[in-house]
Amino acid sequence: NQFDTANEYTAVTEASSQLGKEIATSEYETVMEALEAFYQGKGDVLILNKAFAAKIRTLDRYADFDRDTKIIYTCTIGEEKVDEEPVQEEKQPFAVLITGSDTRDSALTIVTRTDVDMIMAVNPNTKQILFVSIPRDYYIYNPGLEGMDKLTHLGNLGVLNTVDGINQHFNLSMDCYLCTNFTHFKQMIDGLGGIMIDNPYAFTRGSFSFPEGSISLNGEQALSFARERHNLPNGDFDRSKHETLIMQGMMQKIQTLVQDGQKASVLKTLSSNFLTNMNFNDLYNLYASSSDVDAEWEYIRYGLDGYGTYAGTVSMGWDTMLYVCQPIDEQVTFVNQVVNQLLNGERIGQDVMPCQEGATYVEEEQQ
């Protein structure tokens with residue numbers, strides 16, 4: 001290609017000399033054109049500078065480049081510089097909104113009411129993952145309709161409206177999302193081979209019994225565990241906290257699968273059961289560093305609560321009183337601080353969410 005012609009010519013000449021015969025080649029203007037032709041079977045061998053190979057692996061279409069190809073000949077041109085101590089590239093912290101639709105459709109959509117809304121903030125350098133679960137009845141500003149609303153209703157205008165509303169409320173700047181629903185959530189847990197969680201107290205839901213302590217959950221059990229609110233001390237507020245337990249179990253299971261080298265299985269499970277605007281390789285690669293694949297990660301979990309009351313909403317009408325969860329200002333400030341501390345590279349700890357003693361939950365069939 002036009003960027004590396006001289007080195008490629010040298011490599012072909014050296015290989016021809018080794019083989020004792022001339023190698024027939026086809027030339028392309030760019031690396032991507034040559035790569036596309038190679039994948040279309042227009043050649044048996046791709047001559048490529050390994051510097052380009054590193055970039056190719058980051059492209060979704062060629063995520064399996066290493067598995068699809070095999071190195072049969074290497075030509076070293078010039079002197080290769082070797083650092084005495086290789087420098088580990090620092091990965092940037094990031095935040096993503098995780099949403100769960102309250103549907104059982106086989107098809108996923110980013111336009112739907114959300115039963116789960118959770119901020120996940122990740123710092124790959126300190127190896128900390130923060131989960132903040134927000135009650136679905138949280139009373140916040142709906143940017144798309146320009147008025148106060150239940151959080152679950154923001155998704156009726158699309159997940160980016162939900163992201164925008166949460167960003168405004170907590171003064172954050174997330175731009176990534178992961179969306180699933182009941183059906184795909186179950187499939188995802190089963191696709192990972194089930195998960196383990198540490199259940200803080202025993203309770204039952206329907207035919208399922210969840211004892212206190214370390215328990216194993218399949219997809220159906222995990223969905224039941226995450227949805228229960230009637231048999232919990234603080235209803236929907238405790239359900240939000242349970243959702244963070246499930247997410248921690250999922251991330252820990254993904255790390256276990258990464259340690260076992262099951263990249264294809266993990267990526268297939270995630271990509272089949274989430275809609276997202278981020279690269280699933282980035283999630284896999286959190287745990288896949290060759291130098292620290294077995295390193296311990298720390299998980300910090302918070303569940304927001306608030307004051308249960310009734311109010312009108314911009315989406316359903318100001319004269320229709322719906323159950324809503326009025327946010328607690330001190331908790332909003334706390335979430336802003338802890339998320340930004342992690343994103344700014346600081347190590348955070350598991351603290352106590354402020355003002356929980358004043359929270360009130362009113363049992364109500366959700367709208």
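Shortest non-hydrogen contact noted between Val159 and Cys179 is CG2-SG, 3.5 Å. Of all non-hydrogen atoms in Leu286 and Pro124, the two that sit nearest each other are CD2-CG, 3.8 Å. Of all heavy-atom pairs between Asn279 and Asn281, the closest is OD1-N, 2.8 Å.
Considering only heavy atoms from C-beta on, Tyr302 comes within 4.5 Å of Leu130 through its side chain.
A donor-acceptor pair under 3.5 Å is formed between the side chain of Asn336 and the backbone N or O of Asn171. Between the side chain of Asn273 and the backbone N or O of Phe185 there is no donor-acceptor pair closer than 3.5 Å. Side-chain N or O atoms of Asn218 include one that pairs as donor or acceptor with a backbone N or O of Glu220 at under 3.5 Å. Asn125 places a side-chain N or O within donor-acceptor distance of the main-chain N or O of Lys91, the cut-off being under 3.5 Å. With hydrogens and angles ignored, the 3.5 Å screen pairs a side-chain donor or acceptor of Gln331 with a backbone N or O of Pro354. For Thr114 (side chain) and Asp117 (main-chain N/O), no donor-acceptor pair under 3.5 Å exists by modelled atom type. Remark: side-chain polar atoms of Asp190 are paired, donor with acceptor, to backbone N or O of Gly219 under 3.5 angstrom. Here the side chain of Arg239 pairs a donor or acceptor atom with the backbone of Arg227 at under 3.5 angstrom. The backbone N or O of Asp198 lies less than 3.5 Å from no partner atom in the side chain of Ser214, so there is not a single donor-acceptor pair. At least one donor-acceptor pair closer than 3.5 Å links the side chain of Arg347 to the backbone N or O of Thr126.
To the nearest 0.5 angstrom, Ile110 atom CD1 is 6.0 Å from Leu160 atom CG. Residue Thr256 holds its OG1 atom at 9.0 Å from OH of Tyr287, rounded to the nearest 0.5 Å. Atom CZ of Arg301 and atom CE of Met247 lie 12.0 Å apart (nearest 0.5 Å). Taken to the nearest 0.5 Å, the NZ atom of Lys253 stands 13.0 Å off from the CD1 atom of Ile197. Atoms CZ and CZ, on Arg229 and Arg205 in that order, are 8.5 Å from each other to the nearest 0.5 Å. How far CD1 of Ile98 is from OH of Tyr177: 14.0 Å, rounded to the nearest 0.5 Å.
Applying the ring pair (Phe, Tyr, Trp, His ring centres under 6.0 Å) test to residues at least two apart or on different chains, none of the pairs has a partner in residues 250-273.
Residue Asp351 qualifies as enclosed at atom CG: its count of foreign heavy atoms under 6.0 Å is above 12. Annotation for Gln40: atom CD counts as buried by contact number, over 12 foreign heavy atoms lying within 6.0 Å.
Hydrophobic cluster membership is shared by Tyr284 and Ile129, with clusters built from Ile, Leu, Val, Met, Phe, Trp and Tyr side chains linked at under 4.5 angstrom.
The aromatic rings of Tyr201 and His242 sit tilted relative to each other, their planes meeting at an angle between 30° and 60°. Phe131 and Tyr299 have parallel rings, their planes meeting at less than 30° on a 0 to 90° scale where 60° marks the start of perpendicular. The aromatic rings of Phe203 and Phe225 sit tilted, their planes meeting at an angle between 30° and 60°.
Residues passing the side-chain hydrogen bond (donor to acceptor under 3.5 Å, both in side chains) test with Ser315, sequence neighbours excluded: Asp149, His153.
Chaining together hydrophobic side chains whose heavy atoms lie under 4.5 Å apart places Tyr307 alongside Ile328.
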